[in-house]
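Following: one structure in structure tokens, then a few remarks.
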Amino acid sequence: MYEDVFIAEVREKTGIATAEETRRAVRGVLHALATRLPDGWVHHLAAELPPTLAEPLWSYQHLYDQEVHLDFLADVAARAAVPPELAERLARAVFAAVASVGDPALLRRVYAPLTSDILALTESDRSLLPA
């Protein structure tokens with residue numbers, strides 16, 4: 001999937017005004033997610049994304065914090081610069097777009113270390129939930 005299709009899919013589901021705002025929001029969600037995944041899994045996730053969206057993930061190293069104290073959706077809102085009431089819809093839209101480009105078996109393994117509150121956001125595609 002090309003970046004413009006990925007961005008359009010997220011934009012359609014969230015109602016964000018412009019493609020550039022959507023692009024920044026998507027990167028915010030991916031960064032919030034990257035802090036919750038061990039480094040190797042961040043790179044596996046990056047390999048599944050359009051290259052221009054994955055580029056920042058390649059540089060994320062040692063972001064994993066097993067004791068993340070900030071709520072995931074609050075982190076999404078802050079990093080994506082969106083109102084808190086949009087954070088859940090945005091996160092779900094990004095997870096859905098990732099599911100449309102990623103290998104389900106790989107994504108199940110990548111998502112395995114995530115907490116249940118974050119996994120719940122992937123439920124639009126239940127095949128991605130770890131067994």
Side-chain angles (χ1 to χ4, degrees):
M1 176 186 290
Y2 293 106
E3 178 186 8
D4 57 336
V5 175
F6 190 101
I7 295 299
E9 184 178 318
V10 172
R11 187 174 174 201
E12 179 182 314
K13 291 179 180 177
T14 60
I16 295 176
T18 69
E20 189 53 41
E21 288 175 301
T22 306
R23 188 173 290 103
R24 279 194 306 270
V26 166
R27 287 184 174 178
V29 172
L30 293 174
H31 191 186
L33 180 59
T35 64
R36 288 156 172 85
L37 292 173
D39 292 338
W41 291 123
V42 171
H43 295 146
H44 284 293
L45 176 62
E48 295 293 302
L49 298 172
T52 50
L53 289 176
E55 185 179 340
L57 291 177
W58 293 112
S59 64
Y60 294 154
Q61 297 215 1
H62 310 296
L63 292 177
Y64 181 53
D65 181 357
Q66 290 180 315
E67 296 184 32
V68 175
H69 299 289
L70 189 58
D71 172 71
F72 181 71
L73 292 176
D75 195 14
V76 166
R79 292 180 189 279
V82 299
E85 58 273 10
L86 178 58
E88 181 175 345
R89 190 166 17 131
L90 172 62
R92 285 183 184 279
V94 171
F95 279 120
V98 168
S100 70
V101 299
D103 171 40
L106 175 63
L107 291 177
R108 274 193 300 279
R109 289 191 308 274
V110 168
Y111 292 165
L114 297 176
T115 57
S116 60
D117 61 319
I118 302 170
L119 284 174
L121 300 171
T122 69
E123 288 182 351
S124 63
D125 185 348
R126 296 198 59 79
S127 69
L128 298 179
L129 296 174

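No experiment lies behind these values; they were computed from the predicted model shown.
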[X] versus [Y], closest heavy-atom pair with distance:
{"X": "Val42", "Y": "Ala34", "value": "CG2-O, 3.6 Å"}
{"X": "Phe6", "Y": "Val94", "value": "CZ-O, 4.3 Å"}
{"X": "Thr14", "Y": "Ala93", "value": "CG2-CB, 3.8 Å"}
{"X": "Glu9", "Y": "Ser100", "value": "OE1-OG, 3.6 Å"}
{"X": "Lys13", "Y": "Arg89", "value": "O-CD, 3.3 Å"}
{"X": "Phe72", "Y": "Leu33", "value": "CE1-N, 3.8 Å"}

Below 4.5 Å, heavy atoms only, C-beta onward: do Leu90 and Ile16 meet side chain to side chain?
yes
So Asp117 and Leu73, do their side chains get closer than 4.5 Å, heavy atoms only?
no
I need the [X] [atom1] to [Y] [atom2] distance, nearest 0.5 Å.
{"X": "Asp71", "Y": "Ile118", "atom1": "CG", "atom2": "CD1", "answer": "8.5 Å"}
{"X": "Leu106", "Y": "Trp41", "atom1": "CG", "atom2": "CH2", "answer": "6.5 Å"}
{"X": "Glu3", "Y": "Leu49", "atom1": "CD", "atom2": "CG", "answer": "10.5 Å"}

Residues that Ala19 engages under side-chain contact (heavy atoms from CB on, under 4.5 Å), provided they are two or more places apart:
Ile7, Arg11
Go through it in stages, so that I can follow the logic: the residues are Leu45 and Leu107, the test is side-chain contact (heavy atoms from CB on, under 4.5 Å), and I'd like the CA-CA distance, side-chain angles, deciding distance and then a yes or no.
CA-CA 7 Å; Leu45 176 62; Leu107 291 177; 4.0 Å; yes
Backbone N/O of Leu114 and side chain of Arg36: donor-acceptor pair under 3.5 Å
no
For Glu88, check salt bridge (Lys or Arg N to Asp or Glu O under 4.0 Å) against everything at least two apart and list the hits.
Arg92
